[in-house]
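Right, one structure below, let's go through it.
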There are 2 protein chains.
Amino acid sequence: MNETETEPAPQRGTVTQRAIERIKAMIAEGLLEPGARLPTERELAAQLGISRSSMREAIRALTVMGVLEARHGSGIYVTQLQAGDLLENFGVVADLSRGPRLVELLEVRRILESTATALAAARITPEQLAEVERHLAAMNATDDPEEILAHDLAFHREIALAAGNETMAAILEGLSSRTFRARVWRGYQEEGAFARTRREHAAIHRALAARDPEAARAAAAAHVGEVEEWLRAQLGG
Amino acid sequence: MNETETEPAPQRGTVTQRAIERIKAMIAEGLLEPGARLPTERELAAQLGISRSSMREAIRALTVMGVLEARHGSGIYVTQLQAGDLLENFGVVADLSRGPRLVELLEVRRILESTATALAAARITPEQLAEVERHLAAMNATDDPEEILAHDLAFHREIALAAGNETMAAILEGLSSRTFRARVWRGYQEEGAFARTRREHAAIHRALAARDPEAARAAAAAHVGEVEEWLRAQLGG
DNA sequence: CCGCTGTAGTGGTCCGACCACCTGGCTGGC
DNA sequence: GCCAGCCAGGTGGTCGGACCACTACAGCGG
């Protein structure tokens, strides 16, 4: 391979790795706006002087990171680079963590969730509060664990959104991913924790309706803390 | 909208996507222990009945997620699945976020960093405290922005580790990634914020040495909050 | 016994072909 | 003139095979 005669650092790592950095840099520098369409795979490969296979791997990597989006038959596009896009695969952390790692994850969630709930108490709109109440009611109206879980997730998601920080909401979404919750809660709920959970959710809602940030923070921290303590005991014993 | 009425599970998405899920599931179910070596690419491809190219893309995806690690000439291995492994590429979020998103990111960091610093005040060991002091001294002993930045990062990393939650430390690491800090601080530091930063760092250290969690929380929150406010003003004006 | 070397096997890269899908223009009827 | 439907071109998705770069280890020679 030839190089530009004066370049002392032609190749750092693998070809694919370089392609990833190049495209990432292009986006960081603003050469590629969010939503913009990239050249075709074949063209990109030619531009960087690599094979289409390697370019495809680079694109796959950026797709996983949530930076690019490939639409079959249409083209490759830059995502909106919203928090949700970039944190979409954050859930795998929760899905593949085990043992002490799970407790750490719940501790992080407790910190963020309590703060988010406190913020939400101050900022939530009547419409959002109504939505929260809807999920709360639906959660109490059924005994199907699947449905309860779904409304539970939606309940907290709505609160996180009401906090006004989309990034935090996206992170919490990952920390509460469906499979994660299902895994941890399977045992937790079997111990008849339904009643306790309902009480805690009611307390959170009460604090939100009263616009009391401190009460909301405490209620949310206790809510997550309950699960955290249970899980800690599971591991310890 | 509804599907899967007729066929149980013919083919959900693309071939590569299925391969990713399969391998991820194998790890989640414990069939592949952390550090274990996988079959060769060619073998894996044959097992799942797909081409090696597609399998390579799947492996690349899992590599980016921090789940797998490919060693040229040796083989493919499952990572230790530590927080650091899975959150390694979390930094891209910080690197590619702009405008209001950056403020949100700093807000999340402020919440986590203040809590982590408070925890560290209660748990830090003499050795760790000495290390923190070393970085503090090195930071004050030079005027080279690069060096200051490096020790600044190490200063906070040491504190996060002392908090005893590796997952939180890894997330904070991502939220403080080198390029992110460099981007935001370029302007911030140019306004003669060196002195203020040093004062804030000193305050954090003082709280740690005094084992005062509340003071540590306040100092850390103020430290990050300063940058946050500055950035907010930059965007507002 | 140690160190060097050769080699088999691994991931990394490239090529060229074909398939599946989407898009937009064109055709044809109304 | 307008619109539905068809159709061709272009796009990402998949495949198979070949070769390169690197690693690990067995075997040789000192």
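In the text below, chain A, chain B and the rest are named by the order of the sequence lines, each starting its count at 1.
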Would you say the rings of B/H201 and B/H151 are close, in the sense that their centroids are separated by under 6.0 Å? no
Winner on side-chain proximity to A/T40, out of D/dT11, D/dG13, C/dT10, is D/dT11
Among D/dG13, D/dT14, C/dC14, which is the nearest nucleotide to the side chain of A/R42? D/dG13
Could you tell me whether B/R134 and B/E131 have a side-chain N and a carboxylate O separated by less than 4.0 Å? yes
Looking only at side-chain atoms of B/H72, point me to the closest of C/dT13, D/dG12, C/dG11. C/dG11
Salt-bridged, A/D152 to A/R181, with N to O below 4.0 Å? yes
Ignoring hydrogens and angles, does a donor from either the side chain of A/S53 or the base of C/dC15 sit under 3.5 Å from an acceptor on the other? yes
If you check the B/S54 side chain, which of C/dC14, D/dC15, C/dT23 turns out closest? D/dC15
Measure distances between side-chain N and O atoms of A/R71 and base N and O atoms of D/dG13, and say whether any donor-acceptor pair falls under 3.5 Å. no
Would the base of C/dG12 count as contacting B/R52 through its side chain, where contact means a donor and an acceptor less than 3.5 Å apart? yes
Would you say C/dT13 has OP1 or OP2 under 4.0 Å from some side-chain N or O of A/T16? yes
Which is true for A/I59 with a 4.0 Å heavy-atom rule: it touches a base, it touches only sugar-phosphate, or it touches nothing? nothing
Tell me the closest heavy-atom pair linking B/L38 and B/L44, and the distance in Å. CD2-CD1, 4.0 Å
